[in-house]
Amino acid sequence: MSELYIRVAEDENEEPMEIPSEDDGTVLLSSVAAQFPGACGLRYRNPESQCMRGVRLVEGVLHAPENDWGSLVYVVNYPKGEKLKMEEIDAASAVKVKRGFQKTSDLIVLGLPWKTTEQDLKDYFSTFGEVIMVQVKRQTNGNSKGFGFVRFADYETQTKVIAQRHMIDGRWCDCKHPNSKMCPDEPMRSRKIFVGRCTEDMTPDELRQYFMQYGEVTDVFIPKPFRAFAFVTFADDQVAQALCGEDLIIKGISVHISNAEPKHNNSRQMMDRGRFGVCPLGRQRGTKRPGGGMMRSRRVC
DNA sequence: GTTGAGCGTT
């Protein structure tokens with residue numbers, strides 16, 4: 001009568017897995033749990049109402065809605081709390097996968113004591129992770145200019161180092177992305193994503209709730225009147241970048257995530273954090289070029 | 001030989 005297998009997935013946008021049904025058309029919860037450890041039930045989206053519906057569960061036996069499993073994809077239920085955990089793992093691993101490709105970049109170290117040497121720098125920063133480059137900038141007489149550069153092997157290390165202040169040889173120092181245009185090895189890391197194919201019933205709060213699973217959301221903007229897209233800003237640019245290119249399912253709707261291209265009148269995106277070496281108003285820092293000749297600024301190293 | 005917010009001689 002019924003199919004031999006029903007299609008089950010951990011999330012609506014996941015590829016389903018086929019789970020065997022019993023002779024009488026029911027499905028054992030244990031069969032589901034065998035593939036999805038911790039599962040406590042199933043739900044599905046009712047094609048009529050577009051609402052999620054629970055699957056009847058009696059003593060470990062799942063019963064087909066309307067006595068027919070049909071070709072719907074059933075979504076695994078987890079005990080409260082457990083589910084969040086799974087989502088967090090998914091989101092975190094998604095970010096992590098892309099993190100693997102995140103290049104590190106040179107960081108400027110500001111506020112160094114005059115006496116600090118490159119060896120000192122290396123010794124200090126090695127406690128955070130593998131250091132692949134250190135520099136202390138000096139004048140021709142050999143005196144330190146009080147700043148330097150450092151580069152780490154791993155992006156995680158870099159992130160950690162930027163996030164805190166550093167006591168080096170008795171002075172507090174800061175590590176930042178340099179403003180210089182010498183090496184813009186970070187193309188453009190926006191913390192804001194463009195969410196395409198939105199429907200009008202998606203509220204800012206719902207979007208926030210949904211995207212929270214990937215990381216801290218600092219802003220949600222839905223242009224009005226309705227234009228079928230929205231902007232979501234994360235605290236962490238890595239999270240935003242990791243999501244770009246993805247098709248995500250929100251309220252049963254497939255939305256497309258892409259980079260929020262800063263519009264021509266890039267007012268805040270660039271000003272926000274003066275990083276990645278782009279001065280909106282052109283060079284402002286003292287650039288004394290004797291001949292007045294134009295130096296090409298965009299360089300790929 | 002000095003200094004203390006910043007931005008990298010090759």
Side-chain angles (χ1 to χ4, degrees), chain A residues 99 101-192 233-238 240-241 259 262 265-301:
Chain A
R99 262 189 195 175
F101 301 105
Q102 293 282 20
K103 289 191 305 180
T104 61
S105 57
D106 294 355
L107 300 179
I108 188 167
V109 189
L110 267 1
L112 290 176
W114 312 119
K115 53 170 283 205
T116 298
T117 66
E118 302 195 336
Q119 188 60 51
D120 295 333
L121 272 192
K122 180 155 191 177
D123 290 345
Y124 172 78
F125 284 115
S126 292
T127 63
F128 293 86
E130 185 186 349
V131 173
I132 58 181
M133 187 277 303
V134 286
Q135 269 182 278
V136 171
K137 289 304 169 188
R138 299 178 184 281
Q139 324 186 37
T140 43
N141 62 7
N143 289 340
S144 168
K145 286 181 169 176
F147 71 93
F149 292 87
V150 60
R151 184 142 182 178
F152 295 95
D154 302 316
Y155 196 85
E156 286 76 11
T157 312
Q158 168 170 318
T159 307
K160 191 167 56 179
V161 165
I162 294 175
Q164 69 174 76
R165 303 247 287 156
H166 302 272
M167 178 58 74
I168 302 177
D169 290 339
R171 275 182 59 92
W172 284 111
C173 302
D174 290 305
C175 292
K176 305 175 177 177
H177 289 283
N179 292 328
S180 68
K181 296 181 164 64
M182 302 240 46
C183 220
D185 41 11
E186 318 259 349
M188 159 62 74
R189 287 261 192 70
S190 178
R191 295 178 293 123
K192 187 188 290 187
T233 308
F234 291 94
D236 185 351
D237 54 8
Q238 289 183 65
Q241 294 306 309
N259 224 312
N265 67 349
N266 47 7
S267 39
R268 78 175 47 171
Q269 293 236 330
M270 321 249 84
M271 315 287 280
D272 227 24
R273 305 241 163 133
R275 32 201 274 201
F276 309 130
V278 191
C279 293
L281 307 176
R283 281 196 77 86
Q284 292 180 311
R285 240 176 308 284
T287 314
K288 318 156 198 159
R289 300 215 179 286
M294 291 274 289
M295 270 287 273
R296 206 38 276 142
S297 46
R298 282 200 168 267
R299 259 289 167 75
V300 184
C301 303

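Quick note on labels: first sequence line is chain A, next is B, and so on, each numbered from 1.
Within residues 140-148 of chain A, the residues approached by DNA chain B to less than 4.0 Å at the level of any non-hydrogen atom are K145(A), G146(A), F147(A), in residue-number order.
Y124(A) is not listed as a side-chain neighbour of M167(A), based on a closest heavy-atom distance of 4.5 Å or more.
The separation between L112(A) atom CG and dA5(B) atom P is 14 Å, rounded to whole Å. For R171(A) and dG4(B), the CZ to C1' distance is 5 Å, given to the nearest whole Å. At whole-Å resolution of the value, NZ in K137(A) and C1' in dT10(B) are 9 Å apart. A straight line from CD of Q139(A) to P of dG8(B) spans 13 Å, rounded to a whole angstrom. Taking atom NZ of K176(A) as the reference point, atom P of dG8(B) lies 14 Å away to the nearest angstrom. Regarding Q135(A), its CD atom lies at a distance of 21 Å from the P atom of dG6(B), rounded to whole Å. Rounded to an integer number of Å, the gap from I108(A) CD1 to dG6(B) C1' is 7 Å. With rounding to whole Å, R165(A) atom CZ is found 11 Å from dA5(B) atom P.
Distance CZ/F147(A) to SG/C175(A): 13.5 Å, rounded to 0.5 Å. For the atom pair CD1 (I108(A)) and NE2 (H177(A)), the distance works out to 12.0 Å, reported to the nearest 0.5 Å. The CG atom of L112(A) lies 5.0 Å from the CG atom of L121(A); values are rounded to the nearest 0.5 Å.
Across T116(A), D123(A), T117(A), a single residue satisfies side-chain hydrogen bond (donor to acceptor under 3.5 Å, both in side chains) together with Q119(A), and that is D123(A).
Remark: D174(A) pairs with R165(A) by the salt bridge (Lys or Arg N to Asp or Glu O under 4.0 Å) rule, at least two apart or across chains.
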